[in-house]
Amino acid sequence: MRFETKAIHSGQQPDVSTGAVIVPVFQTSTFQQEAVGRHKGYEYARTGNPTRTALETCLAELEGGRYGLAFSSGVAATAAVFSLFGKGTHIVLGDDLYGGTYRLVEKVFKQWGFSATYADVDNIESFRKSITAKTQIVWIESPTNPLLKVIDIKRLAKITREKKALLAVDNTFASPYFQNPLALGADIVVHSTTKYINGHSDIVGGAVVVNDEAIYNQLKFYQNAAGAVPGPWDCWLTLRGVRTLAVRMREHERNAQYLANFLSKHKKVAKVYYPGLKGTKDYKIASKQMSGFGGMLSFEIKGDFAAVENFFAGLKLFLLAESLGGVESLVCYPAKMTHGSMPEKERLKRGIKNNLIRISVGIENKYDLKDDMEQALS
Ligand SMILES: *Cc1c(COP(=O)(O)O)cnc(C)c1O
């Protein structure tokens with residue numbers, strides 16, 4: 001089966017007891033046992049729930065993986081992956097990444113005896129240099145947040161295999177429609193399903209997909225033991241969203257490409273970050289490993305914070321809000337929003353300047369989006 005078909009049918013067979021075409025919301029905390037230990041596969045809803053199973057199966061198949069696990073947020077999914085390792089673990093992370101992942105490493109896992117090195121995502125050899133004998137895992141995003149840099153996943157997977165570390169890819173920005181990291185050699189894929197997978201800005205959720213049975217069993221154990229599971233309603237809404245992932249992603253990309261071109265030519269714009277803009281190193285790698293460039297872009301406006309504020313105040317259609325991947329277009333100010341938890345020095349070192357604006361391009365009409373930007377920039 002191909003992607004669009006899997007999105008609609010994987011894990012979503014009609015309900016056996018009623019014939020309901022749509023997987024029901026199994027709003028129950030517990031399941032009857034016929035005798036002690038004799039049941040239909042479900043005992044208690046933290047451990048497993050049929051609506052969640054449907055979502056987990058679907059997400060695994062969309063990523064081309066064997067096992068999927070759903071969590072109550074993307075950060076909970078990330079924490080589950082880090083929890084595979086013990087005290088003394090060294091993690092290597094790409095230096096352009098979601099602020100909440102940075103915070104989780106710096107403020108939580110370091111307390112528990114982890115150490116971390118941030119490798120330059122523009123230079124893949126810096127990953128090789130950062131890996132030590134204690135490195136258990138390399139963690140990247142590609143495209144990265146918020147600078148939309150693209151890392152050669154196949155090359156990095158070769159390095160991590162040589163060094164006997166696992167490679168985890170946060171695939172939130174690409175979505176499984178445009179990129180499947182497991183096929184490129186990654187060991188673990190993580191999603192904030194809050195974003196494109198659910199796609200309607202109405203739930204918070206996360207997922208992990210893996211191929212290795214031992215890793216899956218450990219994560220499954222952790223999921224039940226630590227308990228950050230999504231409720232059946234959230235799973236149901238996410239499944240409802242995922243069925244249209246392919247059509248949405250195609251529109252997001254079409255609109256993003258159009259706005260990236262528009263902004264590139266605008267006199268008040270200093271720089272545009274979008275992997276679909278030809279002639280960059282990122283474009284080359286993205287063309288090789290992704291089937292599309294996605295719906296996220298960032299740009300630097302000419303001027304300082306006042307210019308940013310002016311632009312935001314002028315927008316009528318784009319909403320100023322955190323998050324991304326919904327059908328509506330959002331703008332965000334990384335310096336104070338998604339990366340507000342990062343010290344300014346660290347942030348500037350990573351190239352996240354005070355005039356950087358990130359856009360989650362929605363699927364409204366592209367001319368309306370362009371018109372809104374045009375008048376806000378004038
Ligand atoms: C939002 C996001 C996360 C965190 O996910 P939540 O669902 O907000 O917990 C992780 N990685 C990326 C790239 C994100 O955009």
Side-chain angles (χ1 to χ4, degrees), residues 55 59 63 68-83 91 93-109 118 121 137-151 153 168-179 181 186 188-209 223 226-231 234-235 237-238 241-242 249 252 256 273 275 290 294-298 321-326 330-334 337-342 350 352 356 358-362:
L55 175 64
L59 293 181
E63 275 295 2
L69 292 146
F71 290 89
S72 55
S73 70
V75 164
T78 305
V81 173
F82 291 162
S83 299
I91 322 178
L93 302 104
D95 64 354
D96 193 34
L97 84 169
Y98 178 66
T101 304
Y102 175 83
R103 179 177 55 197
L104 183 66
V105 170
E106 294 298 312
K107 304 281 185 196
V108 180
F109 279 85
Y118 296 88
V121 295
I137 186 162
V138 172
W139 180 281
I140 60 157
E141 291 171 16
S142 184
T144 63
N145 183 10
L147 295 174
L148 287 310
K149 292 178 182 176
V150 179
I151 301 170
I153 297 173
V169 177
D170 179 338
N171 201 27
T172 300
F173 270 34
S175 90
Y177 181 65
F178 284 135
Q179 177 171 271
I188 298 170
V189 173
V190 174
H191 280 283
S192 167
T193 54
T194 312
K195 316 295 169 54
Y196 287 111
I197 287 179
N198 177 64
H200 294 75
S201 305
D202 48 17
I203 65 110
V204 170
V208 182
V209 178
Q223 183 195 41
V229 293
D234 283 4
C235 293
L237 281 168
T238 308
V242 94
M249 290 316 294
H252 281 297
Y273 299 89
M290 302 174 74
M296 295 299 298
L297 66 90
S298 295
E322 305 228 6
S323 201
L324 60 110
L330 303 178
V331 285
C332 135
Y333 184 55
M337 294 166 74
T338 55
H339 288 67
S341 59
M342 190 176 275
R350 286 163 161 79
I352 304 166
L356 185 77
R358 192 190 75 180
I359 306 174
S360 172
V361 183

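Indexing begins at 1, ligand by ligand and atom by atom, following the structure's order. Since we're looking at a predicted model, the values are computed, not measured. Atom set for the values below is all heavy atoms of this structure, side chains included, hydrogens, waters and symmetry mates excluded.
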*Hey, which atoms in ligand 1 end up nearer than 4.0 Å to a heavy atom of G205?*
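Selected atoms, number and element: 7 (O).
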
_V75 neighbourhood, listing ligand 1 atoms whose heavy-atom distance to it stays under 4.0 Å_ =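 Listed by number with element: 4 (C), 5 (O), 6 (P), 9 (O).
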
Distance to 0.1 Å, residue and atom name: give those for the protein heavy atom nearest to [atom].
atom                    : value
atom 6 (P) of ligand 1  : G74 N, 3.3 Å
atom 4 (C) of ligand 1  : Y98 CE2, 3.4 Å
atom 13 (C) of ligand 1 : D170 OD2, 3.4 Å

Minimum heavy-atom distance between [X] and [Y], given as atom pair plus value:
X    : Y    : answer
H339 : L97  : NE2-O, 2.8 Å
A70  : Q223 : O-NE2, 2.7 Å
I359 : V331 : CG1-CG1, 4.1 Å

*Side chain, backbone, both or neither: which part of T172 has a heavy atom under 4.0 Å from ligand 1?*
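Within the 4.0 Å criterion, T172 contacts ligand 1 through side-chain atoms alone.
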
_Is the distance from the ring center of Y102 to that of Y118 below 6.0 Å?_
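Close enough - the centres of the two rings lie under 6.0 Å apart.
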
*Does G206 offer a backbone N or O that forms a donor-acceptor pair with the side chain of S192 under 3.5 Å?*
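No, because the side chain of S192 does not come within donor-acceptor range (under 3.5 Å) of the backbone of G206.
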
*Distance-only, no hydrogens or angles: does the T172 side chain make a donor-acceptor pair with backbone N or O of H191 under 3.5 Å?*
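Between the backbone of H191 and the side chain of T172 there is no qualifying donor-acceptor contact (under 3.5 Å).
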
*Honestly, is K195 close enough over Y98, meaning NZ or CZ under 6.0 Å from the six-membered ring centre and within 45° of the axis?*
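The answer is yes; both the distance and angle limits are met.
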
*Give yes or no for whether the N/O distance cutoff of 3.5 Å, strictly under, is met between T101 and ligand 1.*
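In fact, backbone or side chain, T101 has no N or O that close.
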
*Does A77 come within less than 4.0 Å of ligand 1, judged by its heavy atoms?*
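A77 does not count as a contact of ligand 1 under the 4.0 Å cut-off.
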
*Is there a heavy atom of L324 sitting under 4.0 angstrom from any atom of ligand 1?*
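Yes, L324 has heavy atoms under 4.0 Å from ligand 1.
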
*Among E322, M296, K195, closest by any non-hydrogen atom to atom 2 (C) of ligand 1*: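 Among E322, M296, K195, the closest heavy atom to atom 2 (C) of ligand 1 comes from K195.
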
